[in-house]
Amino acid sequence: MFEVCADPKAIEGLTWAACYLTSAKHVDFYWSFLTVLLLLAITAPAALGMGFMGATVARSHVLPLSLLGRTYIWMVRGVPDIIFFLFFVIALDQGLEYIKNLFVCDGGAWPWQGLEFRVCPEAKVPLAKSSAFWHQAYGFMLAVVTFAIVFGAFVANVIYGAMNAVPRAQLETAEAYGMSRAQVFRRILVPQMWVYALPGLGNLWMILIKATPLLFLLGVKDIVYYARELGGSKTQAYEYPHGDWRLWYFLGLLVFYLVFTRISEIGITRLTRKLSHGQATAGGEALRKAAA
Amino acid sequence: MSMTCWETVQAYGLRSIGIGENLLPKSDFTICQQFTLIGSGLIWNLYFGVLALTFGFFLANAIALARNARNPMIRKPAEWFVFVFRGSPLFIQFFLAYEALVLLPKGGIDILGIHLNTSWTTRAWAGALLVLFLNTAAYSAEIFHGALKSIPKGDLEAAEAYGLTGWKKFIRIEWPTMLRLGWPAYTNEAIFLFHATTLVYFSGFPAFAQKGDALYYANYFADKTFNPFIPYPIVAFYFILLTLIVTFIYGRVNRHLNRHLPANTRSRIRLRPQLIR
């Protein structure tokens with residue numbers, strides 16, 4: 001990257017460390033932190049949307065719809081989430097290829113043949129000739145969808161509970177004013193629900209942060225992947241030979257997560273205070289008393 | 001060569017702890033094989049879960065008390081312990097612990113003339129158990145600490161009015177009430193600790209001679225057959241069963257802890273999500 005770093009074997013001390021930490025591979029490592037943040041930035045709203053839909057459907061007055069919503073909520077309970085992660089990534093991939101196979105392959109044969117999953121080369125997603133970038137992007141997309149499905153169920157559970165926690169009297173008053181069911185939902189239930197949902201959602205956000213290293217299991221080149229790659233001992237054949245430093249790299253990741261969760265915790269506390277303003281809860285009452 | 005299902009159970013039922021057939025099935029996979037091997041792997045999930053919870057319970061009590069201490073020399077370390085283990089992913093904790101344990105001198109350590117062998121610490125049965133033990137202790141300590149804080153003031157005043165102070169007040173009033181208030185949340189912790197045991201063989205700790213847990217074998221079958229639709233639902237089935245058993249056992253304890261209360265004021269156990277740590 002820099003002039004001085006042209007011959008790493010000839011330098012030492014601080015210069016060596018500076019050159020080492022700015023090598024091309026390390027820059028990739030730093031970018032992979034953005035991968036984690038990107039995953040969070042996409043997954044959190046997606047899961048919130050899935051969860052909101054799930055909770056609304058579970059509250060439906062139409063029995064099959066309500067059963068569907070409840071099954072979705074109950075789906076992720078009782079079963080370790082990592083199983084869903086391992087399952088959905090393959091299942092989604094095979095599902096996509098199966099559907100594509102129906103359209104682009106001749107005959108569209110049943111692909112699960114004995115010990116193989118076989119579709120014609122044109123039906124592969126992404127195509128074998130695509131660049132490495134597309135393979136990575138596809139893996140990342142599968143991970144996002146999987147995270148959104150699994151966390152959506154957890155969010156749905158929280159929101160379902162929060163909707164039930166809004167005092168009945170509030171809704172009945174709205175009905176007495178002649179609001180339709182949709183109006184009550186939109187104007188009364190949803191705005192009041194958030195303060196009840198926030199503790200649960202905050203908890204889920206922390207859990208989501210701590211779930212991001214699982215990207216590694218899904219085959220995405222994330223921070224865990226690079227920590228293992230870069231930390232592993234390097235012989236003299238490498239530009240920057242060193243012993244087994246994986247411990248230090250993982251220590252770095254640990255600190256990253258600790259700082260991240262701590263900041264989130266502070267943010268959530270502030271948000272709770274803000275949302276409690278003017279609410280008919282103990283928190284809201286405390287704020288009112290403090291102001292008076 | 002095809003086996004009957006009973007023969008398969010005899011060959012692979014204890015495969016995960018090294019008893020029975022040495023080679024895993026390589027072709028002609030049957031549902032029976034998948035059920036047997038994945039079930040065999042469940043032995044490890046039980047091993048990690050039961051031992052970590054048992055030891056963790058005691059450490060959690062100690063840490064909850066330490067967090068409540070007035071002396072900052074005792075309180076601060078406990079707070080940091082809980083913060084580090086609750087604030088970082090279990091997955092990273094496993095990796096970190098493995099790398100740290102690998103760095104222990106291979107030949108062993110000599111302390112006070114006693115030779116300590118260290119190679120076993122990098123094995124999953126010891127290293128991963130240690131991480132799970134510390135992790136569950138931190139999460140449970142937070143639960144018990146919260147419960148300790150929410151003991152009704154009236155209960156404590158009543159205890160003092162009866163002349164109970166110090167250790168006696170703690171062991172007769174505070175501790176049982178803490179357990180009772182914290183128990184529903186602690187039940188969730190137990191369930192999700194069992195779930196967390198599935199991470200062990202995906203996080204640095206190698207499985208020797210293909211002796212792994214339920215998810216390890218499910219993953220093996222999914223890789224070999226390219227069909228995730230059979231092995232993963234099987235593990236899911238086993239874990240739903242395990243969850244029901246844990247809920248039942250902890251429910252019995254909960255009933256015992258609440259036995260003195262009128263039926264309508266007893267705390268019920270509700271499943272709350274606590275995904276990956």
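Order of the sequence lines sets the chain letters (A, B, ...), proteins ahead of strands, with each chain counted from 1. Hydrogens, waters and symmetry mates play no part in the numbers below; they use all other heavy atoms, side chains included. Keep in mind that what you see is a predicted model, and the values were worked out from it rather than measured.
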Heavy-atom contact with chain A under 4.5 Å, split by part of B:F237 = neither
B:A236 to A:I83 - nearest heavy-atom pair and separation = N-CD1, 4.3 Å
inquiry  = To the closest 0.5 Å, what do you measure between CG (B:L199) and CG (A:L217)?
reply    = 7.0 Å
request  = With a 4.5 angstrom heavy-atom cut-off, could you sort out which part of B:V84 is near chain A: side chain, backbone, both or neither?
outcome  = both
query = To the nearest 0.5 Å, how far apart are CG in B:L90 and CG in A:L214?
reply = 9.5 Å
ask   = Can you name the closest pair of heavy atoms from A:R262 and B:F83 and give their distance?
value = CD-CE1, 3.5 Å
query = Which residue out of A:A227, A:S264, A:A91, A:G231 racks up the most heavy-atom pairs below 4.5 Å with chain B?
reply = A:A91
task = Decide yes or no for A:R228 and B:F95: does some side-chain heavy atom of the first lie under 4.5 Å from some side-chain heavy atom of the second?
result = yes
note = One should read off an interatomic distance between A:F85 CZ and B:T198 OG1, to the nearest 0.5 angstrom, of 11.0 Å
ask   = For B:R75, does the CZ atom sit with more than 12 other heavy atoms under 6.0 Å from it, leaving out its own atoms?
value = yes
message = Quick check against the 3.5 Å criterion: does A:K210 have a side-chain atom that pairs as donor or acceptor with the backbone of B:F91?
response = no
request  = Spell out the residues in residues 247-261 of chain A that have some non-hydrogen atom less than 4.5 Å away from a non-hydrogen atom of chain B, in order of number; otherwise answer 'none'.
outcome  = A:L247, A:F250, A:L251, A:L253, A:L254, A:Y257, A:L258, A:T261
task = Tell me whether the centres of the aromatic rings in A:F87 and B:F229 are closer together than 6.0 Å.
result = yes
inquiry  = Within residues 35-45 of chain A, which residues come under 4.5 Å of chain B, heavy atom to heavy atom?
reply    = none
ask   = Is it the backbone or the side chain of B:L215 that comes under 4.5 Å from a heavy atom of chain A, or both, or neither?
value = side chain
key: Pairwise distance CG(A:L86) to CG(B:D223) - rounded to 0.5 angstrom   = 9.0 Å
task = Give a yes or no answer on whether the side chain of B:E99 reaches the backbone of A:D244 with a donor-acceptor pair at less than 3.5 Å.
result = no
